Asker: 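Could you have a look at this structure, given as structure tokens, before my questions?
Just so it is clear, the structure is predicted and the values come from calculations on it, not from any experiment. Chain identifiers are assigned alphabetically (A, B, ...) following the order of the sequence lines, protein sequences preceding nucleic acid strands; residue numbering begins at 1 within each chain.
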2 protein chains.
Amino acid sequence: MPATMKDIAARSGVSIFTVSKYVNGGHVKNENAEKIEAAVAELGYKVNTTARALKTSRSMTIGIIMEELTNSFYSGVMSVVDNYFLESGYSSIITETKGRSEESLRKLDLLLSKRVDGIICFTSCCDLNFINTCIGSGVGLVVVDSLPQGGQPCGSCDFILTDNVCGAFDATRHLVENGHHEIAVITGDSSRFSAGERLRGYQECLAQSGIPVRGDLIFIDEYNIDGGYRCAQRLARLARRPTAVLVCNYLMALGALVAFNENDLRAGEELSLIMFDEIQANSAFRPRLTTVGQSLDEIGRLAAERILLRARGGDLPDGIFRIPARLIIRDSVVRLK
Amino acid sequence: MPATMKDIAARSGVSIFTVSKYVNGGHVKNENAEKIEAAVAELGYKVNTTARALKTSRSMTIGIIMEELTNSFYSGVMSVVDNYFLESGYSSIITETKGRSEESLRKLDLLLSKRVDGIICFTSCCDLNFINTCIGSGVGLVVVDSLPQGGQPCGSCDFILTDNVCGAFDATRHLVENGHHEIAVITGDSSRFSAGERLRGYQECLAQSGIPVRGDLIFIDEYNIDGGYRCAQRLARLARRPTAVLVCNYLMALGALVAFNENDLRAGEELSLIMFDEIQANSAFRPRLTTVGQSLDEIGRLAAERILLRARGGDLPDGIFRIPARLIIRDSVVRLK
DNA sequence: GCGAGAATACTAAACGTTTAGAATTTATCC
DNA sequence: GGATAAATTCTAAACGTTTAGTATTCTCGC
């Protein structure tokens, strides 16, 4: 139904070739350019990118696999990515896995069938099987927020991560500098890449500060609201309560806050608190929450750049990029003594 | 590079036709089915949906235009939609407008070029120009969370909205029933469809309760965090302060909470508060925030259903769907006297 | 073993582009 | 004006499917 190049060619009295050249920004005789332009306007012609994709075998589309569409860190990064894509004429097919790994393979299959030119995967738990399937199919891959368990990747893909160890280290140091010695940590289990790294940063800082690591202050559960809630419940009921807590994920933090409220434990006052991730609500809490912010802009820019490089055929070596985290000091850490 | 039907045909000794039939679920001789199946597995064949789309002129793709990718209401609905799509073999191209209307036309153009089979638009401000361009191009449209200003739509599209008037009415009534008579409202300007409706529900409830509407208690600003912040600042400095406030958008609510905190006005205690939208943080605040929740599931299901009906060629009449809102009572409304 | 009808498979032409390779027009210079 | 080079355009064959229209094979009853 919509007009094709053939229609434009017929209407303007030139060949399809000339139309194609003009539409793609090539130089044609002024006279012809005008006639084509007129025909395009008249018939409301829009290039059929499907046909173009078939012929050029480039879909100009990047597949996005996201653990949770509603995760505000991921959607924040994606917002930046989308912007870069538009400028470059790319667009993105987004699909969600809800964290189920069979789902991620199914979605991957779908995307490969759609002949995407590359894939960006947003997940905190990276499945080696997934990565290999991806690489095996020859499509470029950028993984945000994860590294595969056990061993470096071995194909053409990039990993973009916040420097979680430093981020957690700095946060913990901030607590120590404010006189805290009994510091708890709430984080996800080791399948979550960032969870493990953040735990490590916490431990390293304590070690370096000469503070013994108390096992009963390390709370590990699912990397979501419920997990945070459960950890905080356990923490609140501890006989020898810590004076501060580092929560390694914003969802866990939300859950933890619920539990602290239920236990009448005033987070940010009685119990100093630092959480990971800058979310819109952070300043709305009372006291305002000190957080470890990840740089959405930098991560997004880099993810977009790398996947576009790969999509355009660059045969790049693996890359692991660490983006610094930034401690945003607000009011939820009290100075002890 | 990847295997094509031709390769499969050659390898299994049948014609492309037979391969196509088999791949599409048609019945072929057992013997052939086996040979094809083997070849498919061996060569890792995946149907090229680009070629299929070209031939069938159905891309099996729905374009999504979203005001903000990070808006948790929209992404929550989208998550539901994505699920329906997968089951039906569809997928979605998501792009963001950041609320700029020239941007929405640009994105629309991109999507039409990609030959999407339909468009879902998530926005609280619906541009009639946009709708008409959409309809003019013959592609189905579903608009979530908005109705065009001035006049019903006049083409093949659906509008799915929360019943904002009732939602705001119920919330206001809940305040009145708890003894509040001085009730403020914070909302967006009239370009935001839901903002106006929610204001109306508030006003209707007051009128019906015999409470005079005080103009100085109606705060209108941008439908975002900053707007909410500014409104709340003005509210907090009022000589004759209200005892309760209805905030008509979750972003405005977050901004308002910041301002209330800065003014040492304890929201949910000194100032009862009801906000629109169920966000993950709602229960994490202290006190837990009473909210007007929109039904992501129902909205998402309906949006997906309608756009798929349209995509599959159904020539449906316009539809306006109102999904009931639900008041979720928590602790941020105190009983007066 | 044959013919009819059903079941299955084949051939070839599209879908709307891009792009080699060949052909034409235009510009340049003596 | 004619020869040459440069600029522009044309023709036609792909890209990987789907699908009419047609041909082949199979199944039966007799």
Asker: For the backbone of C125(A) and the side chain of S191(A), can you confirm whether one donor and one acceptor N or O come within less than 3.5 Å of each other?
Answerer: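 No: the side chain of S191(A) does not pair with the backbone of C125(A).
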Asker: Looking only at atom types and distance, does a side-chain atom of D158(A) sit under 3.5 Å from a main-chain N or O of V142(A), one as donor and one as acceptor?
Answerer: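 No; zero donor-acceptor contacts below 3.5 Å.
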Asker: Counting only N and O atoms by type, is there a donor-acceptor contact under 3.5 Å from the side chain of S59(A) to the main-chain atoms of T61(A)?
Answerer: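 Yes; judged by distance alone, with no hydrogens or angles, the pair exists.
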Asker: Given 3.5 Å as the limit, does a donor-acceptor pair link the side chain of S57(A) with the main chain of L54(A), or not?
Answerer: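 No, S57(A) side chain to L54(A) backbone: no donor-acceptor pair under 3.5 Å.
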Asker: In B/S/- notation, 5' to 3', how is nucleotides 14-19 of chain C contacted by protein heavy atoms closer than 4.0 Å?
Answerer: BBBBBB
Asker: Whole Å only: how far is the CD atom of E31(B) from the P atom of dT25(D)?
Answerer: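 Taking CD of E31(B) and P of dT25(D), I get 13 Å after rounding.
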Asker: Determine: side-chain N/O of T18(B) to OP1/OP2 of dC10(C), distance under 4.0 Å, yes or no.
Answerer: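 For T18(B), the contact criterion (side-chain N or O under 4.0 Å from OP1 or OP2 of dC10(C)) is met.
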Asker: Side-chain N or O of N32(B) less than 4.0 angstrom from OP1 or OP2 on dT8(C)?
Answerer: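 So the side chain of N32(B) is outside the cut-off, no N or O lying under 4.0 Å from OP1 or OP2 of dT8(C).
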Asker: Could you tell me if K98(A) and S79(B) have a donor-acceptor pair between their side chains, going purely by distance under 3.5 Å?
Answerer: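 The criterion, which ignores hydrogens and geometry beyond distance, is satisfied for K98(A) and S79(B).
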Asker: To the nearest angstrom, how far is K29(B) atom NZ from dA6(C) atom P?
Answerer: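 Spelled out: NZ on K29(B) to P on dA6(C) is 19 Å.
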Asker: Round to the nearest Å and state the distance from H27(A) atom NE2 to dT9(D) atom P.
Answerer: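 Computing the H27(A):NE2 to dT9(D):P distance gives 8 Å.
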Asker: Just verifying a value: how many Å separate R115(B) CZ and T50(B) OG1, rounded to the nearest 0.5 Å?
Answerer: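 Here the rounded value is 14.0 Å.
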